[in-house]
Amino acid sequence: MSNNTYFAAREAKEASGIIMSKIDAWNNNLESNGYLEKLRDSWAAYHGAYYGDVSNGHKITFGGDEGEIANLPVNHIRNLASHILVMTTATRPSMEARATNTDYKSLTQTILANGLLDYYMREKRLEKHLKKAVEYAIVMGSGYIKMSWNATSGELYDFNEDTQSPVYEGDIEITNLSPFDVIVDSNKESDNHDWVICLTWKNRFDLSAKYPEQADKILNLPTKTDTDRYKLQGAMNDETDDIAVIEFFHRRSEALPDGRYLMMLSDDVVLHDGPLPYRVLPVFRISPADILGTPYGYTTIFDLLPLQEALNSLYSTILSNQSAFGVQSIIVPRGADISINQLTSGLNIIEANTQVGIPQALNLTQTPAEIFKFTDIIKQEMELLSGISSVSRGQPEASLKSGAALALIQSMSVQFLSGLQQSYVQLIEDVGSALIMMLRDFAAVPRVAAIVGKGNRTFMKEFKGDDLSNVNRVIVDVGN
């Protein structure tokens, strides 16, 4: 086929090979430009893995040529990131469905849609996935939610005599993805992508049972254990049977009027190829900020990494000094005629030649005051860069005495995080709209959901996708 043919429009075998090359190119770019190392450093810092791997992250270790350095990590990054997460997600967002018209039927459908949104937030743990995406964004610059329709999920509804197969209600599956799991066009300077590639991990034996015609190829594919690129910690060497499931989504466009969805395990194991089954690309991103001119996310945690490293070094210096010299030594002048036994217990009468001097303690534990002062400066700089004040952390400065002053400082912290808050609201709106659209398009059989009505009383409501035909989008209100 001619090279002038768009890669996403080529035959599955050729397109799958190009998709695999794009994954390799994306990962190579991450390594060459240092972004992959930045992600790993940020992940390690968030989990306290400052000296070695996670197993050494929450205890004192010793370094130096002779083990003379006591390494003491004090993880302020985790504390600051946790405050950012709580301040962003503490107020539960309120989603409200909107209809295309204002007639009675449309308004009735919006009531059902609002009940379903609350049902998925409460019963299907959608809120948990939203918070996890925010956590990924804070720590690693970007967080993602992938939504898909699973036709074999939910309760058994019927049995198809023609195909001799059961018919299920089906349901929406929600998956959190990290920046390691999502590949896009690295030349794009915005978040408006034509296509996206997602990696999820599933048991190869389950996949071989589901696709028996390709079982031999599936069982011979490399597992996550064999793929160092996707490991955040080298010490995690447990064997796994999970292999990468690669999903390629292309939006509907002039070049591909029907879009395209291709699911594959490698360039020669293609499990599905067809038009895009969803109205939009079902992968939604949240990011505190972007590295301008790139599709890479940016988080304040990146700025805190060198400060945290310096802080750990200072605390280690203090502890090393105290640990090495905390048990005092005694200087005894030569000729003083004093034995060790006379100094090892109290209430002794010591006869000595005081003309040559008397015993005295050798104090080597004194640490320069500048070191302690510098630790305070670094902590203040970390609070300044992250926008999390000492008030938010529960340790207001002594000069802040009035409630009005404390409230002002706290409100400034909230205002500083408004960019992430707006991205969070946009994520909820996109996910909520996609959820309603998927139920509209795929909930073909009647299903029952627990809807919260007036007075917060729950009742069971049966519905189908047609009952949401006039609902077109979801908006979000976030309280103060």
Side-chain angles (χ1 to χ4, degrees), residues 1-32 36 144 146-152 173 175 177-188 193-231 240-283 285 295:
M1 187 174 292
S2 171
N3 289 333
N4 293 328
T5 303
Y6 187 34
F7 85 94
R10 301 185 187 187
E11 295 294 331
K13 185 175 181 180
E14 188 177 1
S16 62
I18 298 176
I19 290 171
M20 294 299 297
S21 66
K22 288 186 176 294
I23 295 175
D24 290 336
W26 172 266
N27 289 325
N28 290 335
N29 284 338
L30 290 185
E31 287 187 286
S32 61
L36 182 62
Y144 297 87
K146 181 176 79 73
M147 303 178 66
S148 59
W149 181 262
N150 187 345
T152 60
E173 286 189 348
T175 307
L177 300 176
S178 76
F180 293 98
D181 306 319
V182 180
I183 295 92
V184 296
D185 187 349
S186 59
N187 294 304
K188 289 284 188 180
H193 295 287
D194 296 323
W195 54 265
V196 61
I197 302 170
C198 298
L199 302 179
T200 53
W201 302 89
K202 295 187 179 179
N203 189 293
R204 58 180 173 174
F205 292 99
D206 289 339
L207 290 169
S208 64
K210 187 173 183 178
Y211 303 95
E213 66 280 1
Q214 303 197 66
D216 291 339
K217 291 182 178 180
I218 293 173
L219 294 176
N220 289 321
L221 290 172
T223 66
K224 193 173 185 178
T225 305
D226 304 321
T227 312
D228 291 334
R229 190 187 302 275
Y230 303 111
K231 293 181 186 176
T240 179
D241 288 308
D242 285 354
I243 59 176
V245 176
I246 303 165
E247 294 178 280
F248 174 78
F249 301 95
H250 196 291
R251 69 177 181 86
R252 294 178 176 87
S253 64
E254 290 81 1
L256 290 173
D258 295 326
R260 191 169 186 179
Y261 171 61
L262 194 148
M263 182 170 68
M264 49 189 276
L265 305 180
S266 67
D267 55 357
D268 63 342
V269 182
V270 177
L271 304 179
H272 178 84
D273 182 22
L276 181 69
Y278 310 111
R279 296 171 183 255
V280 296
L281 297 179
V283 182
R285 174 178 180 261

Distance check, rounded to the nearest 0.5 Å: [X] atom [atom1] versus [Y] atom [atom2]?
X      : Y      : atom1 : atom2 : value
Ser16  : Arg10  : OG    : CZ    : 12.0 Å
Asp273 : Lys13  : CG    : NZ    : 14.0 Å
Asp258 : Leu276 : CG    : CG    : 9.5 Å
Leu265 : Leu207 : CG    : CG    : 6.0 Å
Ile183 : Leu199 : CD1   : CG    : 4.0 Å
Lys224 : Asp241 : NZ    : CG    : 13.5 Å

Can you find a pair of side-chain heavy atoms, one from [X] and one from [Y], that are under 4.5 Å apart?
X      : Y      : answer
Asn203 : Asp242 : yes
Met20  : Ile246 : yes
Leu177 : Cys198 : yes
Leu256 : Tyr6   : yes
Trp26  : Val184 : yes

Check for me whether Lys22 meets the cation-pi criterion with Phe7, that is, NZ or CZ under 6.0 Å from the six-membered ring centre and within 45 degrees of the ring axis. yes
Looking only at heavy atoms, which two atoms of [X] and [Y] are closest? And how far apart?
X      : Y      : answer
Ser32  : Asn29  : OG-O, 3.1 Å
Pro295 : Asp185 : CG-O, 3.9 Å
Arg279 : Arg252 : CA-NH1, 3.5 Å
Lys146 : Thr200 : CE-CG2, 3.8 Å
Tyr261 : Pro277 : CB-CD, 3.7 Å
Leu219 : Ser208 : CD2-OG, 3.8 Å

Leu221 and Arg204: CA distance, side-chain angles, deciding distance, side chain to side chain contact (heavy atoms under 4.5 Å, CB included) verdict: CA-CA 8 Å; Leu221 290 172; Arg204 58 180 173 174; over 6 Å; no
Parallel under 30°, tilted from 30 to 60°, perpendicular over 60°: which one fits the rings of Phe248 and Trp195? tilted
Criterion side chain to side chain contact (heavy atoms under 4.5 Å, CB included) on Thr223 and Trp201, from CA distance to verdict: CA-CA 9 Å; Thr223 66; Trp201 302 89; over 6 Å; no
Quiz question: by atom type and distance under 3.5 Å, do the side chains of Ser178 and Asp181 form a donor-acceptor pair? yes
